[in-house]
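Some notes on the structure that comes next.
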Amino acid sequence: MNGKIVGIGLLAIGVIAGGGMWYLQEYHFYDRIPAADTITVQTDGGPATLPVRDFQGIDADSSPLRWRACAVVDQQPADPVPFDGATPLGAPGWFDCFDHGQLTADLASGAAQAVLGQAEIRPDVDRVLAIYPDGRVYGWHQYNDKTPERGVMD
C-alpha cells in the first residue's frame, strides 16, 4: 500500500512539474510587443526602413532568440542583403501568424526570400526576415556565424 502512495505522489509531482514547465515555455516568458509602423531591412545601399501594416510581434527577456514578428509591407525592399542559412525558429502555439515549418519549406523552395533585417541586434544575434512577393514579412532572431560555438570567428 505504501508503495502505491509513493508512486502516485511521484507521478503527481512529475505531472505538475511537466505542466508548469510547459506553461512557462509556452506562455509565461512571452509578451506581445507594441505594433510597429516600420521594419528595417539591410540593402546594398544601407539600411532601408519600410512601412508595415498588420504587425504582430512577441518577445521575451529570457532569451535573445525569442523575438518573432509578422507583418505586411506594401513596398518591396530594393536590393536586400540575403541571409544564408536562415532557419526559422518555432513560436508558441498561440502566436498563430508565425508557422516556422511553412517558412522553412518556403525558404527552401524559393517561395520566400531570407534577408538580413539587422546585424548584431544583440551580440552574435542577427534579425532575419523572410519576405514573400505578396508583401508578407516574417521575422525572427538567429545566431550569426561569428559565434565560437559555430566554429567560425572573424
Can you find a heavy atom in the side chain of His141 that is under 4.5 Å from one in the side chain of Val128?
-> no
What pairs meet the disulfide (SG to SG under 2.5 Å) rule with one or both residues in residues 69-112, with sequence neighbours excluded?
-> Cys70-Cys97
Would a 4.5 Å heavy-atom cut-off, applied to side chains only, mark Pro88 and Leu107 as touching?
-> yes
Please examine the side chains of Val52 and Val137, heavy atoms only from C-beta on, and report whether any two atoms are closer than 4.5 Å.
-> no
Once you round to the nearest 0.5 Å, how far does CG of Leu65 lie from CZ of Arg122?
-> 9.0 Å
Option passing side-chain contact (heavy atoms from CB on, under 4.5 Å) with Trp67 (candidates Leu89, Ile33, Ile121, Ile58) = Ile33
Determine whether Leu103 and Leu116 fall in the same hydrophobic cluster, where Ile, Leu, Val, Met, Phe, Trp and Tyr are linked whenever their side-chain heavy atoms lie under 4.5 Å apart.
-> yes
Check whether any side-chain heavy atom of Leu50 lies under 4.5 Å from a side-chain heavy atom of Pro77, and answer yes or no.
-> yes
Within-4.5 Å side-chain heavy-atom neighbours: Val115 and Gln42 | no
Is there side-chain contact between Asp74 and Arg53, with at least one heavy-atom pair below 4.5 Å?
-> yes
Going by distance alone, is a donor N or O of one side chain under 3.5 Å from an acceptor N or O of the other, for Gln118 and Asp126?
-> no
Please identify each residue that fulfils side chain to side chain donor-acceptor pair (under 3.5 Å) with Arg68, with sequence neighbours left out.
-> none
Distance from Ile131 atom CD1 to Ile39 atom CD1, nearest 0.5 Å?
-> 7.5 Å
So OH of Tyr132 and CD of Gln76: to nearest 0.5 Å the spacing works out to 12.5 Å
Does the side chain of Leu129 come within less than 4.5 Å of Tyr138's, by heavy atoms?
-> no
Quick check: are there more than 12 heavy atoms from other residues, nucleotides or ligands sitting under 6.0 Å from CG of Asp61?
-> no
Please tell me if the side chains of Phe83 and Gln142 come closer than 4.5 Å, counting only heavy atoms from C-beta onward.
-> yes
Interatomic spacing from CG in Asp99 to CZ in Phe95 - rounded to 0.5 Å = 12.0 Å
Same apolar cluster (I L V M F W Y, side chains within < 4.5 Å links), Trp94/Phe55 | no
